[in-house]
Q: 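Dropping a structure here in structure tokens format, bear with me for questions.
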Amino acid sequence: MLRSLVGSEMCIRDRYQRRVHGGRMAGNTNLREGIVVVFGCSCILLTLGLNYAWGALANYVTSYLREHDNPNLSIEDFVLVLPANALCMSSTIPFGYLLLQHFPLRGVAISLVLANTFFLIVSAYCKSFWPFVLCFIFIPNFINGAISYIPIYCNWKYFPNKKGLLSGISFGAMNLSTLMFKLVSFYTVNPNDNLPTIEVRKGNSVHYYFEKNIYENVPYMLRVFAAIYFVLAFFGCLLIKVPKEYEYRPVETSSIRSAEEEQAFNGQPQVHRQTVGEWLEEAYDILKEVVKKKDFILLFVCGLFSTQIGFFMRICYKSYGFLYYRDDQYLTLVGTMMTVTGTIARLLWGGLLDFWTFKRIYWTMIISLLLFTITTHPITELGKASLYTLWVFGINLFEGGHFSTFPVVAMHTYGEKKFHIVYCILLYSFGFSGLLVYLTILTCLPILGYGYLFVVFSVIQTVPMFILPFYTEKFKYRNPPLEAPRSTSNDSSNKQEALD
């Protein structure tokens, strides 16, 4: 009887500690320290959504470059921004993993932040299309890819059994940054809410651009962006760290002690730091293994087709909305609502993934997206601003879950060692999805107009419904059963038997 009571007390204490510490035992980490790290990581991620605010910036920047570079530039020429974001960031996520093996965590983060700030400042002085695209889009997003791995790595080390929730917080923070940058863009460029008055028609599509008194504020806006980026990211870099047992340490063994004795002496595992050649060889082996798996290919194709309507709305919500609601301030608020919704979606679906299966969540998302896609244009034609806002809210609520669920699926299915490569490839599905949206807008919008373009995206949205039934879910993505604490003596072994 006494043994049972002692066992029950241990179980309750263990369960409490695990709930509080996100799955790690209290002896291994500190809750307060973990929360501070999550906050610091969120500050860094709050800066990485700048380019995803492009829907709000497109009219301003295009109007500016039409005056200083090419008067034939149009918003369609910049549709490539969002897919370029995803493709560039995807390509360099593994480099964040590699850099952390060779350099201190904060040193890597601060160096990357300073480099990004420099190119943002340079973009403010670019008056031609390609220099601007290079300094504002391509180079910063290559750097952002390496930066984005660092917060994920830190968060998951402190709360390994809360990957879904932490993924939602991480990517929610990244999405929330677009809210900040959208509002800053409006109040630095067009605070008086002037309407775009320059009408340009191309086939069945029409766009409106701003006058000089508005777009001449674009360089100032970019400099403000650079200042905000630096302050937030640098502050976040000062707060991030990993638990001591996960810190990378030089492989230096004493001439007196063996490597195993050195490990036992220090209490920390010796970490082998890969060379670039070793890392490339390992990445190639992982890549060969992963691309042969049926379930990975199915997941990649699902991501390729189910995110297209979200990319389209983030790019064109303002230029499309100008056809029915000639109010820049209102459409900026719609973009703000879009951002808030995307943040809620990442938290919601990421958190649910700790309890629901991925397939149940994904079915909910793609069916809802199809319904909203089919009905968006008829609803918008009614001319009611509240309905347009609601439909934008719905599309982002169900599309935003991709960005917090896919990383967790990759982590649980393939493990931490392969995660940085697998997630990199999975992100390419989002990048190529945006690229297909770019090609669809260029080829179909001038011919079909916005009404039939939504029909095209509705057909595309049905593709994952035919693929998902063949996807086999090998892990349920729920929190693992609570384990009893490690025994330290024969008495504790007896307590463990009582628990069993």
Q: Checking R223 against Y220: charged group under 6.0 Å from the ring centre and within 45 degrees of the axis?
A: no
Q: Identify all side-chain donor-acceptor contacts of residues 112-125 below 3.5 Å with residues at least two apart in sequence or on another chain.
A:
| residue | atom | partner | partner atom | Å |
| --- | --- | --- | --- | --- |
| N116 | ND2 | N144 | OD1 | 2.5 |
| N116 | ND2 | Y229 | OH | 2.7 |
| T117 | OG1 | V113 | O | 2.9 |
| S123 | OG | L120 | O | 2.6 |

Q: Give a yes or no on whether Y209 atom OH has more than 12 heavy-atom contacts from other residues, nucleotides or ligands under 6.0 Å away.
A: yes
Q: Hey, do the aromatic rings of Y428 and F300 have their centres closer than 6.0 Å?
A: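 Aromatic pair excluded; centres sit 6.0 Å or further apart.
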Q: Among side-chain atoms of S433 and T307, is any donor-acceptor pair under 3.5 angstrom?
A: yes
Q: Could you check F311, Y362, W349 and say which one makes a ring-ring contact (aromatic ring centres under 6.0 Å, His included) with H402?
A: Y362
Q: ring-ring contact (aromatic ring centres under 6.0 Å, His included) with F225: which residues, sequence neighbours excluded?
A: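 For F225 the ring-ring contact (aromatic ring centres under 6.0 Å, His included) partners, ignoring immediate neighbours, are F181.
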Q: Using a distance-only test with no angle check, is there a side-chain donor-acceptor pair under 3.5 angstrom linking Y215 and H68?
A: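 Side chains of Y215 and H68: no pair found under 3.5 Å.
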Q: Does the gap between the ring centers of Y320 and Y324 come in under 6.0 Å?
A: yes
Q: Is the gap between the ring centers of Y423 and F406 under 6.0 Å?
A: no
Q: Ring centroids only, cut at 6.0 angstrom: are Y414 and F419 within range, meaning strictly under it?
A: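 Ring centres of F419 and Y414 not closer than 6.0 Å.
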Q: Are the charged groups of E67 and K127 less than 4.0 angstrom apart, N to O?
A: no
